[in-house]
Structure formats: C-alpha cells, structure tokens
Amino acid sequence: MKHRMLSGIKPTGQLHLGSYIGALRQFVQSQEEYEMVAFIANLHCITVPQEPAELQKNLRDCVALYLACGLDPKKSIIFLQTDVMEHAQLGYIMCCHTYLGELNRMTQFKDKQAKGEANLSGGLYTYPTLMAADILLYEPDYVPVGEDQKQHVELCRDVAIRMNNRYGEIFHVPEPMIPEVGARIMSLTDPTHKMSKSDGLNRGCIYLLDDLKDARKKIMSAKTDSLGIVKYDPENQPGIANLIQIMSSLQDDRPFEDIEKEFEGKGYGDFKRAVADVVCGKLEEIQKRYYEIIDSDLIETTLKDGADRARAIASVTLDRVQRAIGMEIID
Ligand code: ATP
Ligand code: LTN
C-alpha cells in the first residue's frame with residue numbers, strides 16, 4: 001500500500017517562489033510515490049484580517065496554481081478546508097487538549113507579537129491546534145513543509161501522542177518532511193530573512209504570477225556581496241547561496257558543485273542572468289497553464305470531487321476520536 005502524505009497552503013496572499021520550492025514542488029513530486037492529500041487552508045487565512053473579494057481571488061488562484069504546477073486531481077486529493085467541516089470540529093477538540101504553555105512556545109506567534117502588531121486574533125494564537133486537526137484527520141505518514149512549519153508539525157505529534165496515551169490509539173502519528181534544499185528560500189533584498197508575502201515592497205519576493213520582466217528585475221537586483229565568487233557559503237555569502245539554492249531546486253536538484261563549476265571565473269552578472277533564465281522559464285510554464293485553468297470549470301470539479309474523497313476519510317477519524325473521548329451517544 002502507498003504511504004500517505006498531506007500538506008496545505010494558506011493563501012493569505014499570492015503564492016511565491018518560496019512556497020513553490022519549499023512545499024508545492026514536493027507535493028507534485030510526491031504524488032507518484034505517495035497518496036497525496038493537498039488542501040487549501042482557508043480557515044487559516046482568516047486568522048489575520050482579509051478583504052472578502054481579495055480572499056476569494058487568492059483561493060481560486062491557489063487552486064489554479066496547484067493544478068498549473070502539476071498536481072493531478074486524478075492522483076491527488078485536492079480540496080478546500082471549509083468544504084470538510086470535520087477540520088473545525090477536530091480543531092476544537094485538539095485545542096482543548098493543548099496546553100497554553102505549548103502554544104506560548106510557538107515562534108511564529110511570538111515573532112508576530114514581538115513586532116507589536118495590534119489586535120492579533122485568538123484564531124492566530126490557536127492555529128497550530130487547527131493545523132494538528134488538518135493533519136491527523138487523514139492519518140498521513142509524512143507532512144511535507146518548509147522549515148518554518150516544522151515546530152507546528154512537532155506540536156501536532158506531541159498532542160497526538162498524549163491523546164493516544166489517554167484514550168488508546170486514536171491517531172496515527174506522522175513525521176514532518178523538510179526538503180534538503182529549498183526548505184528556507186530567502187528574500188532577494190535581505191537574504192537573512194525568509195522570502196515571504198509579508199515582505200513590504202515585494203522586491204525581495206517573486207510571485208508565481210509575477211510579470212516575467214519584473215521577476216527578472218528582482219533577480220538582477222538581488223542583494224549579493226563583494227567577494228565575487230559563485231560559491232555555496234550561506235554564512236559569508238547568503239545572497240549567492242540563496243540564488244544557488246533557487247537554481248538547484250528548479251533544475252531538478254542539480255548539485256551545487258555543478259553550478260559553482262559552471263560559473264567559476266565568471267561575474268555575478270552572468271550568474272544572475274542564468275538564474276533569471278531558469279526562474280522565468282519555470283514561471284512561464286506555470287503561468288501558461290494557470291491562464292488555461294483559471295476560467296475553466298476544472299477548479300469547481302476538482303474541489304467537488306476532492307471534498308467528497310476527503311470527507312470520506314475525515315469523518316471516520318472524527319467519529320473514532322469522539323467515540324473514544326466519550327462524546328457520542330447516537331450512531
Ligand atoms: P508567508 O511567510 O509568505 O506568509 P507562510 O509560510 O506563512 O508564507 P504558506 O504560503 O501557507 O504560508 O506556506 C506554504 C508552505 O510553503 C509552507 O509549507 C511553508 O513552510 C513553505 N514556505 C513558505 N515560505 C517559504 C520559503 N521562503 N522557503 C521555503 N518554504 C517556504
Ligand atoms: N500552517 C501552514 C499551512 C497549513 C498546513 C496544515 C501545512 C495549515 N494546515 C497542515 C501542513 C499540514 C502555513 O501557514 N504555511
């Protein structure tokens with residue numbers, strides 16, 4: 001039997017090269033070998049304020065991009081989180097089994113709080129418990145995510161193990177799967193921070209739907225250093241190391257030494273032009289398919305079929321959990 005893999009993306013904005021390399025690319029590669037469950041975490045989107053029209057566009061774009069990047073609805077289960085009510089219900093149960101001390105250790109929330117952002121929501125604070133439910137409902141063996149999500153998958157494991165000890169084996173405990181290369185793609189303007197949609201001016205972040213000319217410009221003006229050598233040395237040359245990672249991931253995990261060799265004795269201009277060619281080639285391929293899909297009914301049919309298949313799995317898990325906890329009376 002195939003092992004199962006599950007992951008989700010929270011499209012609070014447009015998907016970018018970081019989410020593609022750190023996550024989406026793994027989903028696509030995995031669907032041959034694993035039974036892939038890939039969902040769109042729209043409940044997670046509203047943990048921060050959203051404009052309804054913009055949110056809807058981002059969700060539709062996200063489904064179209066899943067498909068454009070190569071997820072195949074015949075092989076993978078693709079659905080919208082709110083189409084499967086079991087997420088919210090198990091999320092509440094997980095929340096009731098998670099300690100405040102555990103939530104207080106989550107660095108993503110602490111970072112947001114430290115930035116002094118006003119009116120952070122309760123949903124943002126408890127979101128790792130909903131994420132635990134997202135995962136456990138489908139009993140996956142692996143959860144492919146970028147480095148920033150590892151702590152949340154570990155929390156999910158801790159709470160699942162604790163509940164298994166208390167109620168019997170109600171959950172299958174999964175492992176996070178972090179890619180060796182590309183787990184943390186950095187901003188092009190500040191290679192000490194991760195590439196993110198919350199990057200102020202957006203010059204450090206390449207969106208999958210960026211105009212190709214803009215994407216090229218962002219790479220050509222990426223921050224580098226004054227050493228003038230194309231070498232993978234994240235400590236002393238974080239900008240160049242980031243570009244090497246981007247190039248390697250988009251060229252089927254091409255070895256870093258191979259890239260270093262090709263650019264031996266050449267300037268950063270030549271190297272950046274080559275990286276821009278590779279990135280724009282990939283974006284062009286994705287965008288071509290995106291425009292074929294975005295106005296077609298493939299989005300609706302994919303989500304309908306995906307939700308039916310997802311519900312069939314999730315309802316069995318939720319029922320087992322509620323029964324074990326002693327919450328159910330009728331069948
Ligand atoms: P952002 O910081 O842009 O808001 P996010 O991590 O909050 O991104 P998602 O878009 O849901 O939100 O991320 C989807 C997946 O992509 C997650 O598994 C995340 O770990 C991964 N990911 C996001 N940014 C990067 C990055 N810069 N490098 C590698 N992986 C990333
Ligand atoms: N929290 C993740 C998105 C996410 C997820 C999940 C990833 C929600 N539920 C379950 C893997 C498994 C994020 O912010 N990127």
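Whatever order the structure lists them in is the order used to number ligands and atoms, beginning at 1. These numbers come from a predicted model, not from an experiment.
- Annotation for Lys261: atom NZ does not count as buried by contact number, only 12 or fewer foreign heavy atoms lying within 6.0 Å.
- Counting heavy atoms only, Gly8 comes closest to atom 5 (C) of ligand 2 of the residues Pro174, Pro176, Gly22, Gly8.
- Of all the heavy atoms of Val145, the ones lying under 4.0 Å from any atom of ligand 2 belong exclusively to the side chain.
- Both tests do not hold together for Lys75 against Tyr34: distance to the six-membered ring centre under 6.0 Å, angle to the ring axis within 45°.
- Cation-pi geometry between Arg273 and Tyr268 is not met at under 6.0 angstrom from the ring centre and within 45 degrees of the axis.
- For Leu6, every heavy-atom contact with ligand 2 shorter than 4.0 Å involves the side chain, none the backbone.
- Salt bridge Lys2/Glu35: absent, no basic N to carboxylate O contact under 4.0 Å.
- For ligand 1, the 4.0 Å heavy-atom shell takes in Ile9, Lys10, His16, Gly18, Ser19, Gly22, Ala23, Val145, Gly146, Asp148, Gln149, Gly182, Ala183, Arg184, Ile185, Lys194, Met195, Ser196, Lys197, ordered by chain and residue number.
- The option from Ile135, Thr47, Ile9, Thr12 that lies nearest to atom 10 (C) of ligand 2, judged by heavy atoms, is Ile135.
- Ion pair Glu139/Arg320 flagged as a salt bridge, since at least one NZ, NE, NH1 or NH2 atom sits closer than 4.0 Å to an Asp/Glu carboxylate oxygen.
- When the options Gln108, His44, Gln149 are ranked by their closest heavy atom to atom 2 (C) of ligand 2, first place goes to Gln149.
- Between Asp308 and Lys304 no salt bridge is recorded (no basic side-chain N to carboxylate O distance below 4.0 Å).
- Using a 4.0 Å cut-off between heavy atoms, Phe39 contacts ligand 2 through its side chain alone, with no backbone atom that close.
- Applying the 4.0 Å criterion to heavy atoms of Ser7 picks out, from ligand 2, the atoms 7 (C), 11 (C).
- The pair Glu285-Arg289 meets the salt-bridge criterion, since a charged nitrogen lies less than 4.0 angstrom from a carboxylate oxygen.
- The pair Lys223-Asp190 does not meet the salt-bridge criterion, since no charged nitrogen lies less than 4.0 angstrom from a carboxylate oxygen.
- The closest protein non-hydrogen atom to atom 9 (N) of ligand 2 is Asp134 OD2, 2.7 Å.
- Residue contacts with ligand 2, taken as heavy atom pairs separated by less than 4.0 Å, involve Val143 solely via side-chain atoms from C-beta onward.
- Polar contact with ligand 2: present for Tyr127 (N/O pair, distance under 3.5 Å).
- Using a 4.0 Å cut-off between charged side-chain N and carboxylate O, Asp83 and Arg311 make no salt bridge.
- Counting only heavy atoms from C-beta outward, the side chains of Met195 and Leu188 approach each other to under 4.5 Å.
- Of all the atoms in ligand 2, the ones that sit under 4.0 Å from a non-hydrogen atom of Lys10 are 14 (O).
- With 3.5 Å as the limit, one finds a donor-acceptor pair spanning the side chains of Gln31 and Ser76.
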